[in-house]
Amino acid sequence: MTKVLLTGFEPFGKATQNPSGEIVKQIRGDNIVTAILPVAYAQSAQRLLELIAEHNPNVVICLGQAEGRTQITPERIAINLDDARLADNDGVTRIDQPILVGGPVAYESTLPIKEFVTAITAAGVPAAVSLSAGAFLCNHIFYVAQDALKDTKVHSGFVHVPLMDEQAGEFPGLPTMPLDQMVKAVRTMLEVL
Ligand code: PCA
């Protein structure tokens with residue numbers, strides 16, 4: 001039986017909501033553990049590692065918000081770099097800092113990202129593989145997960161989602177997607193597994 005750990009993030013920056021957190025609130029299942037991670041470098045990594053140790057999942061999918069995107073985007077690569085002008089929710093800014101000193105430059109997702117994109121698109125929700133998760137919290141947690149699980153059979157990775165319609169007022173001019181479409185996309189990924 002596949003046991004899935006599914007995480008989202010708290011709101012950050014100028015946002016008062018985060019679609020990734022709203023999605024995980026709507027996903028329930030016997031073999032699914034959900035959690036909302038803090039948008040803070042140190043705490044988010046610690047919390048994710050605790051959740052993995054506590055629940056021993058076979059699959060870890062982390063979700064996050066990507067302003068400006070129009071599609072559900074499973075990420076292909078996590079890079080060993082924190083580099084963002086935006087401070088995390090603890091006020092910490094990291095520029096040009098490796099996540100793991102001496103660690104590999106990058107890790108690949110071990111989720112079936114191409115199958116995800118095919119299935120999500122077939123379900124009527126726009127999706128595409130992304131080649132960059134950025135260098136803020138989403139990439140951070142992605143890299144931490146891939147490093148922690150590198151010698152295991154656990155499949156893990158990260159999926160960015162667009163802003164949701166309810167955020168249009170806070171992000172004028174940026175594309176949004178209805179939350180139920182995003183929930184459908186995540187349910188579709190769980191079916192693929
Ligand atoms: N998106 C940010 C961090 C938290 C989130 O939901 C990112 O893309 O790094």
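Whatever order the structure lists them in is the order used to number ligands and atoms, beginning at 1. Residue indices begin at 1 and follow the sequence shown.
Near ligand 1, residues F9, F12, N18, G64, Q65, F136, L137, C138, H160 each place a heavy atom inside the 4.0 Å sphere around the ligand atoms.
K14 places a side-chain N or O within 3.5 Å of a backbone atom of E170 that can act as its donor or acceptor partner.
Using cut-offs of 30° and 60° for the angle between ring planes, the Y107 and Y143 rings count as tilted.
Note that CG of L193 is 11.5 Å distant from CG of N31, once rounded to the nearest 0.5 Å.
The hydrophobic clustering, which links ILVMFWY residues whose side-chain heavy atoms are closer than 4.5 Å, places L37 and L137 together. I120 and F158 are members of different hydrophobic clusters when ILVMFWY side chains are connected at heavy-atom separations under 4.5 Å.
Neither side chain, T2 nor N58, offers a donor N or O lying under 3.5 Å from an acceptor on the other.
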